[in-house]
Amino acid sequence: MSKIIIFGAGGRAGRATVHEARRRGHEVTAVVRDPAKYRDQADGLWDGVTLVAGDVTDADGVARLAAGHDAVVNAAADLAAPPAVHFPAATRALLDGLARAGVARLLSVGLASVLENSSGVRLMDTPGYPQEYRDFCLGHGAGTDALRSADTPVDWLVISPSGDFDHGDGRTGRYRIAPADMDSRISYADFAISLLDEIDTPTHSRTHLGVEQG
């Protein structure tokens, strides 16, 4: 059993990760902005979970909350902050805080938009890709770039859907690694499996992987 802390645990990817981690018997700390919004929910997701308030861009807070954990999942996003500011700031705070806390493994939820397709082109730069969220995509990608350029002892990995989430599908238990593809889909539950597999049995390191339904 591992101790896992999940930043952004209240979002869809975060909630799926909490569920999968608990399903595997791990001890989970779920970090959200306002724990009071979640404690009384009737779905049972938070049973046995330590629910705490935290800010993924606060290195001191990251160090304090992450101490004693074996791995961290970052699924947090602040949609009210400029993406080009928030995501690199989160990366810097996580790497600083986790290094101080002695946590060696960081799994971050990425975006397919900045993942390369089989031709080596970022998905967001391919013909026909929607551009209305380009600034958000670039900001998210800047967070990944900050991971790549960091001199850090933290072993990090970014995992994203190869295309997009299937919001209606459930857990199949199957996924595969794949390059970016606009038509690719994966459920939140199966995406969470890919994250937990890399915590339970680390296989990839310091790169951005795409996953799709297997």
Side-chain angles (χ1 to χ4, degrees), residues 4 6-8 11-17 19-21 71-77 79 83-84 86-88 90-91 94-95 104-150 152 154-214:
I4 300 170
I6 302 167
F7 287 84
R12 284 174 288 190
R15 290 171 66 92
T17 306
H19 181 80
E20 182 64 23
V72 173
V73 175
N74 176 29
L79 300 183
H86 170 75
F87 291 106
T91 291
L94 283 164
L95 294 180
R105 185 72 165 161
L106 168 63
L107 277 294
S108 188
V109 178
L111 283 184
S113 311
V114 294
L115 183 69
E116 292 182 354
N117 64 12
S118 57
S119 299
V121 179
R122 292 185 307 180
L123 190 58
M124 65 186 293
D125 295 328
T126 58
Y129 193 81
Q131 297 297 308
E132 56 264 37
Y133 300 113
R134 188 175 182 88
D135 286 347
F136 179 83
C137 297
L138 289 171
H140 211 298
T144 300
D145 290 341
L147 285 169
R148 290 192 177 105
S149 63
T152 176
V154 178
D155 186 29
W156 59 268
L157 178 65
V158 177
I159 303 181
S160 72
S162 293
D164 200 357
F165 286 108
D166 184 331
H167 299 277
D169 205 1
R171 189 182 195 276
T172 71
R174 301 186 305 275
Y175 69 91
R176 62 189 172 214
I177 295 171
D181 184 336
M182 278 196 291
D183 295 327
S184 175
R185 295 293 182 271
I186 189 168
S187 68
Y188 283 100
D190 288 335
F191 181 77
I193 293 174
S194 74
L195 293 173
L196 267 296
D197 281 355
E198 281 287 345
I199 290 174
D200 291 343
T201 309
T203 304
H204 300 88
S205 177
R206 299 175 186 265
T207 191
H208 179 182
L209 297 179
V211 291
E212 66 181 8
Q213 214 81 48

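Keep in mind the model is a prediction, meaning the values are calculated, not measured.
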Look only at the side chain of [X] and the backbone of [Y], and say whether a donor-acceptor pair between them is shorter than 3.5 Å.
X    : Y    : answer
E198 : T203 : yes
S160 : G110 : no
S162 : D181 : no
T172 : R174 : yes
Q213 : S187 : yes
Q131 : M124 : yes

Worksheet item: Is it the case that more than 12 heavy atoms not belonging to H19 sit under 6.0 Å from its NE2 atom?
Response: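 Counting neighbours around NE2 of H19, 12 or fewer heavy atoms of other residues, nucleotides or ligands fall under 6.0 Å, so no.
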Item to complete: Can you see which heavy atom on A16 is nearest to which on A192, and at what distance?
Response: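 Shortest heavy-atom separation between A16 and A192 comes out as O-CB, 3.4 Å.
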Fill in: Contact summary for E116 and G120, nearest pair of heavy atoms
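The pair with the smallest heavy-atom distance is CD-O, 3.5 Å.
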For residues [X] and [Y], determine if any side-chain heavy atom of one lies less than 4.5 Å from a side-chain heavy atom of the other.
X    : Y    : result
T17  : I4   : no
L147 : T91  : yes
L111 : T144 : no
R105 : P202 : yes
F191 : I159 : yes
L94  : F7   : yes
L115 : V158 : no

Worksheet item: Once the angle between the rings of Y188 and H167 is folded into 0 to 90°, is it parallel (under 30°), tilted (30 to 60°) or perpendicular (over 60°)?
Response: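 Y188 vs H167 ring planes: tilted.
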Worksheet item: What salt bridge (charged side-chain N to carboxylate O under 4.0 Å, His left out) pairs are there with at least one residue in residues 182-195, not counting sequence neighbours?
Response: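 Sorted pair list comes back empty.
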Discussion item. As a quick check of understanding, evaluate side chain to side chain contact (heavy atoms under 4.5 Å, CB included) for F136 and H86, giving each step before the final call.
Written reply: CA-CA 10 Å; F136 179 83; H86 170 75; over 6 Å; no
Fill in: side chain to side chain contact (heavy atoms under 4.5 Å, CB included) between R148 and R206, intermediate numbers included
CA-CA 7 Å; R148 290 192 177 105; R206 299 175 186 265; over 6 Å; no
